[in-house]
Undergrad: 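Mind looking over this structure? Questions follow.
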Number of protein chains: 2
Amino acid sequence: MTTKAAIIPESPSEQTFRALLKTMGMMRRVMEPYFSRFGISGSQWGVMRALWFADQVGEASVRVTDLSDRLLIRPPSVTTVVDRLERQGLVLREGSPSDQRVKEVRLTDAGRKLVRRVLHGHTAQIETLLDGLSGSELQALLQSLERLNSHLESMHEGVGDGHHLRKNGKTNRKDYEVD
Amino acid sequence: MTTKAAIIPESPSEQTFRALLKTMGMMRRVMEPYFSRFGISGSQWGVMRALWFADQVGEASVRVTDLSDRLLIRPPSVTTVVDRLERQGLVLREGSPSDQRVKEVRLTDAGRKLVRRVLHGHTAQIETLLDGLSGSELQALLQSLERLNSHLESMHEGVGDGHHLRKNGKTNRKDYEVD
DNA sequence: AGCGTTTAGTTAGTTTCCTAAATACCAGTT
DNA sequence: AACTGGTATTTAGGAAACTAACTAAACGCT
């Protein structure tokens, strides 16, 4: 180790970026086993959660495109996850009468029951995940992430690296408001 | 919407968790096109970066298991990424003389050249990604993530959900120190 | 020396994500 | 009414991650 000099000059941005990657990887490793106790994956949970919350707001079913927007995954990915959930009898797909192109996805009774079971421990699970941080630190982290996210969102418009992400459309869903 | 009441009571932890998911998704969407300009993926970059930094520290090659530890992905995943890199002539695998089981992976000249090209714009790219945050905010974010990560790491020991992650072993690598 | 256990890596098979392209339908124009 | 352009979803194909199970080599203990 004569080379003590030339050692990795990482910028704060790079360090943060890598820390973020690491956090993600580790969270998935912790969460995935939790979901698998219920026979579903994290992605499947994402869909079910979205459908559940839509339901809570009086929106009994959600179209594939809306799921794609809300979950930040592309429509083909939604299709495959929904396929699997449908095979498991947790959701179902039905054509919309007003527009023959759209497929509305909604929870079955079994699906709703499972969501309730998962939600039961879910909050505690995530609480545990994050309880290495104090309340105020958590607050600060959330704020930073939100700012970061809106920055990333604004970058998304002018990406131009070949594919344009249709970005937006009329997801006039008003998003979820926390009561 | 007579149901104004029962609307989604998300805890700060949950919000943070979801914000984190969102950040990840968006960062990948922005970074992936960057790497693909060089004919590689983000995962491939991860491996090359690790090899590069090892090299900088005088460690010409890295064994698969060490890559797995450093990148936080399982050995089979390392195998497939290295396979692809090897096919592209960017890295090569060679058996260790001291232990016939281990495979040492290292960059080829072409690989090193590519790393230099990628690194050139890499920092700027990440800088852009994160420049929605002020310097101090970035600092705070990094600190929170690091604390969070060590918390998650400590959780990892006592997971017990079926698989134990060998966790640790002699990765007495001292990790990379920033000069 | 020999037998069982552990460790390193790969193979097999599944899931989730992606892009590109196909299909089906809607809507406005001529 | 037919065409053209745009939107919703699926299909096809590929990459990366995982677990489980396998092979090969090393260790270690009697």
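Note: hydrogens, waters and symmetry copies are ignored here, and every other heavy atom, side chains too, is used. On a predicted model such as this, the values are computed, not experimentally measured, just so you know. Naming: A, B, ... by sequence-line order, numbering from 1 per chain.
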Undergrad: Using OP1 and OP2 only, check whether a side-chain N or O of B:Arg29 sits under 4.0 Å from C:dC18.
TA: yes

Undergrad: Is there a side-chain contact between A:Arg63 and the phosphate of D:dA8, meaning an N or O under 4.0 Å from OP1 or OP2?
TA: yes

Undergrad: If you count every heavy atom of other residues, nucleotides or ligands that lies below 6.0 Å from A:Glu94 atom CD, does the total exceed 12?
TA: yes

Undergrad: Counting heavy atoms not belonging to B:Glu127, are there more than 12 under 6.0 Å from its CD?
TA: yes

Undergrad: Would you kindly give the CZ-to-P distance between A:Arg28 and D:dA17, to the nearest whole Å?
TA: 8 Å

Undergrad: Angle between ring planes, A:Trp45 versus A:Phe35, binned at 30° and 60°: parallel, tilted or perpendicular?
TA: parallel

Undergrad: If you take any heavy atom closer than 4.0 Å to DNA chain C, which residues from residues 98-108 of chain A end up in contact?
TA: A:Asp99, A:Gln100, A:Arg101

Undergrad: Do any side-chain nitrogens or oxygens of B:Arg93 fall under 4.0 Å of OP1 or OP2 in C:dT10?
TA: yes

Undergrad: Using a cut-off of under 3.5 Å, enumerate the N/O to N/O pairs linking the protein to nucleotides 13-16 of chain C.
TA:
| residue | atom | partner | partner atom | Å |
| --- | --- | --- | --- | --- |
| C:dT15 | OP2 | A:Arg84 | NH1 | 3.1 |
| C:dT16 | OP1 | A:Ser41 | OG | 2.4 |
| C:dT16 | OP2 | A:Arg84 | NE | 2.7 |
| C:dT16 | O3' | A:Ser43 | OG | 3.0 |

Undergrad: In whole angstrom, what separates B:Trp45's CH2 from D:dA15's P?
TA: 20 Å

Undergrad: How far apart are the closest heavy atoms of A:Met24 and B:Leu20, and which atoms are they?
TA: SD-O, 4.2 Å

Undergrad: With sequence neighbours excluded, tell me which residues meet side-chain contact (heavy atoms from CB on, under 4.5 Å) with B:Arg147.
TA: A:Leu133, A:Glu137

